[in-house]
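FYI, side chains are in, hydrogens and waters are out, and symmetry mates aren't considered; it's all heavy atoms of this structure.
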Amino acid sequence: MEYLRCVVERITYRNEQNGYSVLKCRAKGFQDLATVVGAMPDVHVGSVLSLGGAWKLDAKYGRQFSAETVEETLPATVSGMEKYLGSGLVKGIGPKFAQRIVQRFGKDTLDVIEETPEKLIEVPGIGQLRVDRIKRSWLEQKEIKNIMLFLQSHDVSTTHATKIYKTYGKDSVKVVRENPYRLADDIWGIGFKTADTIAAKLGFEHEKYERLRSGLLYTLNRLSDDGHCYATRDMLMETGAELLTADAPKLSESLDRMITDEDVKTEADAIYLPPFYYAETGTARRLSEIFANTEGVRVAPLGLTERIERITGIDYDEIQMQAILTAIQSKILILTGGPGTGKTTTTLGIITAFREAGARILLAAPTGRAAKRLSETTGMEAKTIHRLLETKPPDGYQRNAENPLEGDVLIVDECSMIDVILMYNLLKAVPDDMTLIFVGDIDQLPSVGAGNVLRDMIDSECFPVVRLTRIFRQAQSSRIIMSAHRINGGKMPDLSNGKESDFFFMERETPEAALETIVDLVRNRLPRAYRIPSGEIQVLTPMQRGVVGAANLNQALQEAVNPHADGLRRGGVLFRIRDKVMQIRNNYDKEVFNGDIGVVESVDLEDKTLSVRFDNRLVKYDSTELDELALAYAVTIHKSQGSEYPLVVMPVLMTHYVMLQRNLVYTGITRAKRLLVIVGTRKALSLAVRNVTVTKRNTMLKERLRARKNGETEHGRGKRYV
């Protein structure tokens with residue numbers, strides 16, 4: 001083994017998941033900075049390292065020292081201390097204050113911070129608040145360092161170690177030693193596989209109950225990520241056995257114990273995580289109760305048609321007027337249809353009818369963008385469902401069965417997006433005498449979360465459904481709308497382009513050529529042609545991975561449109577000022593939700609925090625919370641649901657083969673308002689148009705609704721739907 005002693009000058013790259021880092025280091029006897037690579041998750045600029053490893057020649061990057069062993073000592077020189085403190089290691093000390101502190105205390109700097117931090121008040125510009133913050137941060141770093149020494153030997157990343165410390169504090173090592181699978185239960189971002197790696201290093205038995213329980217819960221969670229509310233026992237055993245490589249009898253025994261302990265809920269052959277069981281049964285119950293209730297606002301139908309058309313100035317066709325009259329006569333109405341079929345104008349007619357009767361009307365949608373659009377089209381206030389329910393961490397929704405919504409009519413738009421958990425929480429807050437109008441496009445992709453609520457409600461045939469099919473004349477001039485309907489009908493769209501068109505197809509055979517074209521469109525061509533900033537152009541892609549997947553597109557587009565700003569790194573992503581970002585999990589404390597898009601407004605390198613503006617709200621993130629964000633120059637079509645964008649660019653290539661489905665491409669096209677550009681091949685687009693395969697989701701909402709309608713509690717083959 002060769003040895004190298006050096007000082008870290010720059011961290012070129014760090015993967016927060018596994019700690020792999022690329023460092024530029026100053027070493028004695030080397031004129032230029034030496035490149036050091038290896039697993040070094042907790043090394044900072046200014047750190048003094050003693051490394052064991054070997055020099056290697058990389059074909060692309062040249063000579064590198066590949067480190068196998070790493071020992072870190074605190075810097076001894078004044079300049080080393082300055083770099084070390086200014087690296088962002090200690091909150092409250094950035095490069096500027098690091099320089100002042102070292103100028104004041106010299107080689108005694110680290111001893112002062114460790115033993116007499118109150119002396120820092122002597123440094124110009126440092127007040128008592130900053131001194132207290134530095135003391136807290138230094139103490140926290142010391143404790144994290146001790147935990148790191150334990151966790152690093154078990155392949156735990158810096159970010160995960162920090163989250164573990166934040167959750168368990170001084171008990172972190174104790175918790176991890178006793179049951180590392182608690183990490184998967186308690187900490188978002190640490191899944192079963194991370195916990196399992198730690199457990200293996202600690203010598204946990206392969207078929208210990210805690211491991212099998214955690215693995216089965218993880219399997220159910222993964223299935224819910226694919227939209228399933230439940231798994232069959234066979235499905236769970238097969239998938240779980242593959243993950244856990246455990247004997248079937250032992251796995252089955254563990255599942256039976258979980259059923260007894262009510263870690264999972266069962267019904268016949270279906271096994272649910274409890275939240276999905278209660279949400280599905282509760283949704284069926286509440287929809288049935290509301291629909292059966294005969295109280296509520298009354299609207300006189302006599303002369304209503306003429307009054308509505310006079311007030312709105314809209315000449316409604318027969319099906320639209322049928323929807324309006326059904327809405328005033330039924331407690332629940334489902335209104336569905338594609339783009340340009342008049343869902344918005346029909347909704348305006350429904351609002352007008354209820355207003356004529358003096359009804360109090362509430363409007364809601366699943367996302368901020370969808371709610372904003374609903375406000376703009378109706379001239380009324382519309383809220384996200386979370387805000388309508390008055391989310392208040394950590395107590396949850398303030399509007400519920402004990403404190404229901406106040407109003408006579410609730411109109412909910414973009415209902416194809418609503419998963420079973422959100423629907424249940426909404427229905428809990430709806431009083432029995434309220435009228436419900438659900439509006440959505442059934443041909444779009446189902447919700448990102450578990451369930452297929454809108455389709456199940458329609459397929460149950462328990463509620464009135466009006467489907468709008470006529471494309472109105474003003475919509476017929478839009479190639480975007482006409483192309484969407486052609487695709488939905490199984491026909492190829494017109495790809496002839498044309499100067500005045502709002503729908504363009506650019507043939508590119510390879511992913512690399514498509515990537516180059518997309519970057520050029522977003523950075524140069526579309527902003528010039530349409531006088532619109534690059535940030536307002538949205539790239540939508542079928543997949544996360546690959547050359548034209550969301551991850552790689554985001555890296556390329558960030559470098560193209562926002563290359564030089566300050567930022568904070570999380571894994572392989574550097575979040576910069578002015579970056580477009582997306583929240584990728586519901587965070588009730590911050591009141592931001594999965595799919596919300598914002599812009600990074602400021603970055604504090606001293607505090608290691610950044611602030612993101614979502615609409616009119618500024619939300620602050622600590623560096624350990626950046627795994628909740630993703631760059632959003634490009635997003636998957638699934639994540640774009642409920643949003644509309646002025647200009648959309650969408651790659652469709654054969655590399656997306658597994659995702660090329662009609663409803664996916666249809667959903668992507670219908671997100672574009674002013675212009676759509678498809679970049680790819682005719683073959684790939686044709687394949688998507690022909691592929692009507694819709695992945696079946698395991699839900700029993702339809703059956704539960706039908707059983708309730710028929711007054712049944714038992715239904716077919718011994719299944720019980722409650």
Study note, to complete from the structure: side-chain contact (heavy atoms from CB on, under 4.5 Å) with Ile637: of Leu445, Ile669, Asn663, only one passes, and it is Leu445
Review point. With a 4.5 Å limit on heavy-atom distance, are the side chains of Leu468 and Thr336 in contact?
Key: no
**Study point:** Chi angles and distances behind the side chain to side chain donor-acceptor pair (under 3.5 Å) call for Asp456, Asn452
**Key:** CA-CA 6 Å; Asp456 283 348; Asn452 205 349; 5.2 Å; no
Point to revise | side chain to side chain donor-acceptor pair (under 3.5 Å) involving Thr636 - partner list, sequence neighbours excluded | key: none
**Study point:** Heavy-atom closest contact (Leu676 atom, Ala672 atom, distance)
**Key:** CB-CB, 3.9 Å
**Study point:** Under 3.5 Å: donor-acceptor pair, side chain of Asn554, backbone of Tyr633
**Key:** yes
Check your understanding: Would you find a donor on one side and an acceptor on the other, under 3.5 Å apart, between the side chain of Ser501 and the backbone of Asn497?
Key -> no
Exercise for review: Step through the shown structure and confirm whether more than 12 heavy atoms of other residues, nucleotides or ligands are within 6.0 Å of CD on Glu238.
Suggested key: no
Review point. If only atom types and distance count, is the side chain of Asp269 paired as donor or acceptor with the main-chain N or O of Thr232 below 3.5 Å?
Key: no
Check your understanding: Short question: side chain of Thr194, backbone of Ile190 - any donor-acceptor pair under 3.5 Å?
Key -> no
Check your understanding: Of all residues at least two apart in sequence or in a different chain, which pass the ring pair (Phe, Tyr, Trp, His ring centres under 6.0 Å) check with Phe593?
Key -> His386, Tyr588
Revision key, fill the gap. Hits for ring pair (Phe, Tyr, Trp, His ring centres under 6.0 Å) against Phe192, two or more places apart or cross-chain, chain-then-number order -> Tyr181, Tyr218
Practice item. Report yes if the side chains of Tyr645 and Ile597 come closer than 4.5 Å at any heavy-atom pair, otherwise no. Key: yes
**Study point:** Verdict with reasoning, Glu280 to Tyr230, per side chain to side chain donor-acceptor pair (under 3.5 Å)
**Key:** CA-CA 10 Å; Glu280 191 177 88; Tyr230 68 86; over 6 Å; no
Review point. With distance as the sole test, does Glu536 use its side chain to make a donor-acceptor pair with the main-chain N or O of Pro646 at under 3.5 Å?
Key: no
**Study point:** Which residues share a salt bridge (Lys or Arg N to Asp or Glu O under 4.0 Å) with Arg578, sequence neighbours left out
**Key:** none
Review point. What are the two closest non-hydrogen atoms of Leu618 and Ser611, and how far apart are they?
Key: CG-CB, 4.0 Å
Check your understanding: Arg585: what forms a side chain to side chain contact (heavy atoms under 4.5 Å, CB included) with it, not counting sequence neighbours?
Key -> Trp188, Gln583, Asn587, Glu628
Review point. In a check of side-chain hydrogen bond (donor to acceptor under 3.5 Å, both in side chains) between Asp502 and each of Ser483, Ser478, Ser477, which one passes?
Key: Ser478
**Study point:** Donor-acceptor under 3.5 Å (Gln444 side chain, Ser416 main chain)
**Key:** no
Check your understanding: What pair of heavy atoms forms the shortest contact from Pro511 to Val548, and how long is it?
Key -> O-CG1, 3.6 Å
**Study point:** For Asn552, all residues meeting side chain to side chain contact (heavy atoms under 4.5 Å, CB included), sequence neighbours excluded
**Key:** Leu515, Val547
**Study point:** Partners meeting side chain to side chain donor-acceptor pair (under 3.5 Å) with Arg576 (sequence neighbours left out)
**Key:** Glu559
Review point. Is the CZ atom of Arg617 crowded by more than 12 outside heavy atoms at less than 6.0 Å?
Key: yes
Review point. Would the number of heavy atoms belonging to other residues, nucleotides or ligands and lying under 6.0 Å from CZ of Arg525 be above 12?
Key: no
Review point. Glu644 and Arg369: salt bridge (Lys or Arg N to Asp or Glu O under 4.0 Å), yes or no, with the steps?
Key: CA-CA 8 Å; Glu644 262 188 4; Arg369 285 172 176 254; over 6 Å; no
Practice item. Given side-chain contact (heavy atoms from CB on, under 4.5 Å), test Leu626 with Lys608 step by step and report yes or no. Key: CA-CA 10 Å; Leu626 295 183; Lys608 298 183 83 173; over 6 Å; no
Point to revise | pair Lys491-Val689: side-chain heavy atoms closer than 4.5 Å | key: no
**Study point:** Ser447 side chain near Val453 side chain, heavy-atom distance below 4.5 Å
**Key:** no
**Study point:** Polar side-chain atom of Arg697 near backbone of His228 as donor-acceptor pair, under 3.5 Å
**Key:** no
Point to revise | Salt-bridge criterion met for Arg682 and Glu507 (N-O under 4.0 Å) | key: yes
Exercise for review: Measure from NZ or CZ of Lys590 to the centre of the six-membered ring of Phe614 and say whether it is under 6.0 Å with the direction within 45° of the ring axis.
Suggested key: no
Review point. Who are the side chain to side chain contact (heavy atoms under 4.5 Å, CB included) partners of Tyr61, not counting sequence neighbours?
Key: Asp58, Gln64
Check your understanding: Can you tell if the side chain of Leu223 reaches within under 4.5 Å of the side chain of Met235, non-hydrogen atoms only?
Key -> yes
Practice item. Report the C-alpha separation of Met700 and Cys229 in whole Å, then their side-chain angles, then the decisive distance to 0.1 Å, and conclude whether the side-chain contact (heavy atoms from CB on, under 4.5 Å) test is met. Key: CA-CA 8 Å; Met700 287 199 284; Cys229 291; over 6 Å; no
Review point. Should we say atom CD of Glu601 is surrounded by more than 12 heavy atoms from elsewhere, each under 6.0 Å from it?
Key: yes
Review point. Do the side chain of Thr391 and the main chain of Arg387 share a donor and acceptor less than 3.5 angstrom apart?
Key: no
Exercise for review: Check Leu540 against Gly668 and note the closest heavy-atom contact, atom names and distance.
Suggested key: CD1-O, 3.8 Å
Check your understanding: So do Leu374 and Glu376 actually touch side chain to side chain, heavy atoms under 4.5 Å?
Key -> no
Check your understanding: Is Glu242 reaching over with its side chain to a backbone N or O of Thr239, donor-acceptor style, under 3.5 angstrom?
Key -> no
Check your understanding: Can you name the closest pair of heavy atoms from Leu183 and Ile198 and give their distance?
Key -> CD1-CD1, 3.7 Å
Exercise for review: Please assess Leu629 against Phe575 for the test side-chain contact (heavy atoms from CB on, under 4.5 Å), listing each intermediate value before the final yes or no.
Suggested key: CA-CA 9 Å; Leu629 293 175; Phe575 293 99; 4.0 Å; yes
Point to revise | Contact list for residues 222-233, test salt bridge (Lys or Arg N to Asp or Glu O under 4.0 Å), sequence neighbours left out | key: Arg233-Asp256
Exercise for review: Assess whether side chain to side chain donor-acceptor pair (under 3.5 Å) is satisfied between Thr667 and Arg671, documenting all intermediate values.
Suggested key: CA-CA 7 Å; Thr667 301; Arg671 301 307 89 205; over 6 Å; no
Point to revise | Those residues that, when tested against Asp196, pass salt bridge (Lys or Arg N to Asp or Glu O under 4.0 Å) (two or more places apart) | key: Arg211
Point to revise | Arg467: salt bridge (Lys or Arg N to Asp or Glu O under 4.0 Å) partners, not counting sequence neighbours | key: Asp443
Review point. Who are the ring pair (Phe, Tyr, Trp, His ring centres under 6.0 Å) partners of Phe276, not counting sequence neighbours?
Key: none
Point to revise | Met417 and Glu414, any side-chain heavy atoms less than 4.5 Å apart | key: yes
Review point. Is there a donor-acceptor contact under 3.5 Å from the side chain of Glu509 to the main chain of Gly680?
Key: no
Review point. Do Thr670 and Ile481 come close enough that some side-chain heavy atom pair is under 4.5 Å?
Key: no
Check your understanding: Taking all non-hydrogen atoms of both residues, which atom of Val539 and which atom of Leu557 are closest, and how far apart?
Key -> CG2-CD1, 3.8 Å
